[in-house]
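Notes follow the structure.
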Amino acid sequence: MHYLDGLSERQRSAVTAPDGPLLVTAGAGSGKTRTLTSRILHLMEQGTSGKRIVAITFTNKAANEMKSRILAHLEEREPASRERDNLPFLGTFHSFGARILRAEAEKIGRTRGFAIFDGNDTEKTLQSVMKKLGIEKSKLSPSEAKWRIGKVKNELLDPSEVDDDETFLETFREYEASLVEQNALDFDDLLEKTYRLFTERSDLKEKYQNA
């Protein structure tokens, strides 16, 4: 089945639009995943290497659905093994960040095998850090510290510029040092540190733009 088969006129327009920025707005159940998948296949059909295509989704479910559709189409072509080696990146924002950070791990003080902490890991680390610092829960609880650290990272802030609570700032510094010591990143780091790498290192930004 050709990737254009079954698409509406508007979907076909989005899929076959000329190169350049393209904004498509669509509601739930309108065929967004199919249209995006077909757009990727169209770009590859026109000669764009799959390795130069990055497709970002909000959920693993959507990313996996796009992967399966693209593979199903490519497996109809020959040679299948070569097509598999030329697949685009399809994943969530966080998985994309993790991929970049593993490739550039030494630039953020980690090795490629760094661990990714979930919320429970983060809270356990904070409990250990705050016990070491002698911080009472009545003054700052691990859950509150976790929330405040997440806010700082997600909003791309410098903690010392937005929070004058020395107890929190000390906790933040010790927590970050603990992550380095454990060769780990928390979930918020996957976005925050990727963003900072691209904004603070023009050479890296150019490297990935021209990859």
Side-chain angles (χ1 to χ4, degrees), residues 1-8 10-26 28-108 110-118 185 187-199 201-211:
M1 182 177 179
H2 194 271
Y3 61 84
L4 292 177
D5 292 347
L7 295 179
S8 69
R10 288 188 176 183
Q11 288 172 329
R12 280 176 175 252
S13 296
V15 168
T16 60
D19 289 346
L22 175 67
L23 172 65
V24 178
T25 57
S30 58
K32 295 186 297 297
T33 300
R34 182 176 184 182
T35 302
L36 286 171
T37 302
S38 298
R39 174 67 173 173
I40 291 169
L41 291 168
H42 178 74
L43 291 172
M44 295 176 69
E45 189 86 6
Q46 298 301 305
T48 300
S49 169
K51 292 187 179 297
R52 291 184 60 84
I53 298 173
V54 174
I56 303 292
T57 71
F58 283 101
T59 67
N60 286 316
K61 179 181 178 181
N64 290 334
E65 184 177 346
M66 292 175 71
K67 286 178 186 176
S68 63
R69 290 187 184 190
I70 288 174
L71 275 174
H73 178 83
L74 295 180
E75 284 173 355
E76 297 176 359
R77 300 167 54 176
E78 294 293 341
S81 60
R82 186 180 304 167
E83 295 291 3
R84 280 181 173 272
D85 290 339
N86 189 36
L87 288 176
F89 173 84
L90 300 111
T92 63
F93 288 93
H94 289 89
S95 63
F96 177 71
R99 181 169 179 168
I100 297 296
L101 294 175
R102 290 202 188 279
E104 309 297 340
E106 75 284 352
K107 296 180 178 63
I108 58 168
R110 308 295 196 277
T111 69
R112 290 178 65 94
F114 62 76
I116 299 174
F117 281 5
D118 62 16
L185 296 175
F187 209 55
D188 296 320
D189 285 327
L190 300 181
L191 301 184
E192 187 257 351
K193 284 183 168 47
T194 302
Y195 173 85
R196 294 198 186 282
L197 271 182
F198 284 153
T199 55
R201 294 286 301 267
S202 59
D203 58 326
L204 277 182
K205 182 173 71 173
E206 291 173 7
K207 169 185 171 181
Y208 285 95
Q209 284 176 332
N210 299 319

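Basis for what follows: all heavy atoms, side chains included, without hydrogens, waters or symmetry-related copies.
With values rounded to the nearest 0.5 angstrom, Arg39 atom CZ is found 7.5 Å from Thr16 atom OG1. Rounding to the nearest 0.5 Å gives a distance of 8.0 Å between CG of Asp189 and CG of Leu101. Here the straight-line distance linking atom NZ of Lys32 with atom OG1 of Thr25 works out to 10.5 Å at 0.5 Å rounding.
With Thr35 contributing its side chain and Gly31 its backbone, the two residues share a donor-acceptor pair below 3.5 Å. Not a single donor-acceptor pair under 3.5 Å links the side chain of Thr92 to the backbone N or O of Thr57. Distance alone, capped at 3.5 Å, places no donor-acceptor pair between the Arg196 side chain and the Arg201 backbone. Counting only distance, with no hydrogens or angles, the side chain of Ser95 and the backbone of Gly91 share no donor-acceptor pair below 3.5 Å. A donor-acceptor pair is defined here as one N or O able to donate and one able to accept, closer than 3.5 Å; no such pair exists between the side chain of Ser30 and the backbone of Ala26.
Smallest separation of non-hydrogen atoms from Met66 and Leu90: CB-CD2, 3.6 Å. Minimum interatomic distance between Glu65 and Ser68 (heavy atoms only, all atoms of both residues): O-OG, 2.8 Å. Here the shortest heavy-atom pairing between Leu22 and Ala14 reads CD2-O, 3.4 Å. The two residues Val15 and His42 have their closest heavy-atom pair at O-CD2, 3.2 Å.
Put simply, the side chain of Arg69 does not reach to within 4.5 Å of the side chain of Tyr3, judged on heavy atoms. With a 4.5 Å cut-off on side-chain heavy atoms, Leu71 and Leu87 count as touching. Side-chain atoms of Ile100 and Leu190, non-hydrogen and from C-beta on, never get closer than 4.5 Å to each other. At least one side-chain heavy atom of Arg102 sits under 4.5 Å from a side-chain heavy atom of Ile116. Taking 4.5 Å as the limit, some side-chain heavy atom of Thr199 sits within range of a side-chain heavy atom of Tyr195. Side-chain contact between Ser38 and Arg12 is absent, with no heavy-atom pair separated by less than 4.5 Å. Looking at Leu185 and Ile108, their side chains come closer than 4.5 Å, going by heavy atoms from C-beta outward.
Looking at residues two or more places apart in sequence or on another chain, you find a side-chain contact (heavy atoms from CB on, under 4.5 Å) between Ser8 and Arg10, Gln11. Looking at residues two or more places apart in sequence or on another chain, you find no side-chain hydrogen bond (donor to acceptor under 3.5 Å, both in side chains) involving Arg110. Considering only residues two or more places apart in sequence or on other chains, Phe117 meets the ring pair (Phe, Tyr, Trp, His ring centres under 6.0 Å) condition with none of them. Residues passing the side-chain hydrogen bond (donor to acceptor under 3.5 Å, both in side chains) test with Glu104, sequence neighbours excluded: Lys107, Lys207, Tyr208. The side-chain hydrogen bond (donor to acceptor under 3.5 Å, both in side chains) search around Glu206 returns none, not counting sequence neighbours. Listed by chain and residue number, Phe89 satisfy the side-chain contact (heavy atoms from CB on, under 4.5 Å) test with Arg99 (two or more places apart in sequence, or in another chain).
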Report the C-alpha separation of Leu4 and Leu7 in whole Å, then their side-chain angles, then the decisive distance to 0.1 Å, and conclude whether the side-chain contact (heavy atoms from CB on, under 4.5 Å) test is met.
CA-CA 6 Å; Leu4 292 177; Leu7 295 179; 3.9 Å; yes
Mind running side-chain contact (heavy atoms from CB on, under 4.5 Å) on Leu41 and Leu74 for me, showing each step along the way?
CA-CA 9 Å; Leu41 291 168; Leu74 295 180; 4.2 Å; yes
side-chain contact (heavy atoms from CB on, under 4.5 Å) for Leu43 and Asp19? Distances and angles first, verdict last.
CA-CA 9 Å; Leu43 291 172; Asp19 289 346; 4.0 Å; yes
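Annotation for Asp118: atom CG counts as buried by contact number, over 12 foreign heavy atoms lying within 6.0 Å.
Using cut-offs of 30° and 60° for the angle between ring planes, the His94 and Phe187 rings count as parallel.
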